[in-house]
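Reminder, nothing fancy here: chain letters follow the sequence lines and each chain counts from 1.
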There are 2 protein chains.
Amino acid sequence: MLYAGLMSAIPPFPTPQEPVDHPELLQLGSAMAADEPCLRADAARNRARLLEAAARLVAERGADAVTMEAVAAAASVGKGTVFRRFGDRTGLLTALLDHSEKKFQAAFLAGPPPLGPGAPPVERLRAFGRAMLRRSADELDLQLAAEPCAPRRFTIPARSVLRHHVAVLLRQIVPEADCELLSYTLMGQLDPALIHHLTSQRGIPLARLEDAWIALVDRVAGAPPAG
Amino acid sequence: MLYAGLMSAIPPFPTPQEPVDHPELLQLGSAMAADEPCLRADAARNRARLLEAAARLVAERGADAVTMEAVAAAASVGKGTVFRRFGDRTGLLTALLDHSEKKFQAAFLAGPPPLGPGAPPVERLRAFGRAMLRRSADELDLQLAAEPCAPRRFTIPARSVLRHHVAVLLRQIVPEADCELLSYTLMGQLDPALIHHLTSQRGIPLARLEDAWIALVDRVAGAPPAG
DNA sequence: AAGAAACTGGACCGTGGTCCGGTTAGAGTG
DNA sequence: CACTCTAACCGGACCACGGTCCAGTTTCTT
């Protein structure tokens, strides 16, 4: 099992990953064929071993067990190496999710309708929510664990890409609205932490979340479903 | 300066604060006259000193400087005492915010319109968003620092109260909708972390956030503002 | 072969959180 | 009021983890 990398080449040390101010251009394809940008042979090998070890830890003992030290030990590698490669814990977890993330991006950017281009925007937005909800339902532990603390929640590049996609669709549906801000609102309903809270802690079935998403999209699109 | 406490009596030790499964009843007035439930004299004194010390640290060196050890030292108290009293770091920060929180709750539960009862629900909802945005704009550091990590974000009692209020208003406005879930969505737009990201990191002025809130409420209420 | 750039690993630090032996407030009793 | 008893409280030693640093090693280039 191989994972793609979203780390670019890392200078000396203290420059893990830049916030990416304006990810106006969607990535995907930038570093897709070349799984390892320009990594030295030993570095690439260690990187692979670390991801493999981390994945094993997640599978066997849950995301909480993915301690930086545990991963390092399981990969027979020094702790510093883990940090150098992935920046911090979030970075490592994010890298673990990278594979499915890329697949998902490909699906809504270039896949078949209704998720991909070809269907009317409202239709695509509905499908997007459904897909997000289902994807988050699996991988929930990891998604939660990968979430950084408060101030950086909205700087995650992957999330920015998703949100931007929503904004683009919204502009086609309700051009007169503040689609940028509206996209944040809609994305809020698909937040892994919220999904976890509603399903695990309040026992709300996923189907109801999907219905709520559809209703929300309709409401925003200006066609109240039952009013 | 005295702060109200939202900690109930704490049994032996490892029971900091219960999740409060169904906060259907709004608090406010439960432990309002009695600032300290049944706290022993020395405990109450230490509690006050701790809050005072924490507030001083925030004022002088920012929320990041509020280390549990630093607070303990500044209050000339043992570290264990801080944890016993407030459960964890978020608990301490939450207690610091408690005063303004209570004031805010009082304002929309029993204050003058349009925030309080008396105005039509849509009007109250608009006012609620405005008030939240402005309140979060001050206190932003504290609000951010007080936010617990991913899985517990939605279990904060104070947030639950606010969200519940929104749900109640929504039920009066769009009874046919899934107001429970809709309230989560609306609250998402008022999340301190989002506000911080938009204003501090993307330079979006608060006024635009307020406009977006109004527009969102109108949209949800089924009366598209310009369509 | 040799030099430079990149990588490695583990010692080190600060912080959040736990534990438990010792201390004290304050109620009950005479 | 003095004494005693107990539950609650206190404090700081202790642990685990995330994150940093840097001296020594390895890879790649020329």
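At whole-Å resolution of the value, CE in B/M68 and P in D/dG11 are 14 Å apart. Between B/L93 atom CG and C/dG17 atom P there is a gap of 11 Å when expressed in whole angstrom units. Remark: C1' of C/dT8 and CG of A/L39 are 13 Å apart, rounded to the nearest angstrom. What separates CZ of B/R89 from P of D/dC17 is a distance of 20 Å, to the nearest Å. When the P atom of D/dG19 is taken as reference, atom CG of A/L92 falls 11 Å away, rounded to whole Å. Summarising the geometry, the separation between CG on A/D42 and C1' on D/dG24 is reported as 14 Å, rounded to the nearest angstrom. If you measure from atom CZ of B/R45 to atom C1' of C/dT23, you get 13 Å, rounded to the nearest angstrom. When rounded to the nearest whole Å, the span between CZ of B/R85 and C1' of C/dT18 equals 17 Å.
Distances shorter than 4.0 Å separate some side-chain N or O of B/T67 from OP1 or OP2 on C/dT15. Neither OP1 nor OP2 of C/dC7 sits under 4.0 Å from any side-chain N or O of A/R40. Residue A/R84 has no polar side-chain atom (N or O) positioned under 4.0 Å from OP1 or OP2 of D/dG19. Residue A/N46 places at least one side-chain N or O under 4.0 Å from the OP1 or OP2 atom of C/dT8.
Remark: A/D64 CG is loosely packed, at most 12 non-hydrogen atoms of other residues, nucleotides or ligands lying under 6.0 Å away. At most 12 non-hydrogen atoms from other residues, nucleotides or ligands lie less than 6.0 angstrom from CZ of A/R152.
In this model, no donor atom of one side chain and acceptor atom of the other lie less than 3.5 Å apart for B/T155 and A/Q201.
Salt bridge B/R153/A/E147: present, at least one basic N to carboxylate O contact under 4.0 Å.
For the pair A/V77 and A/E69, both in contact range of DNA chain C, the more 5′-proximal nearest nucleotide belongs to A/V77.
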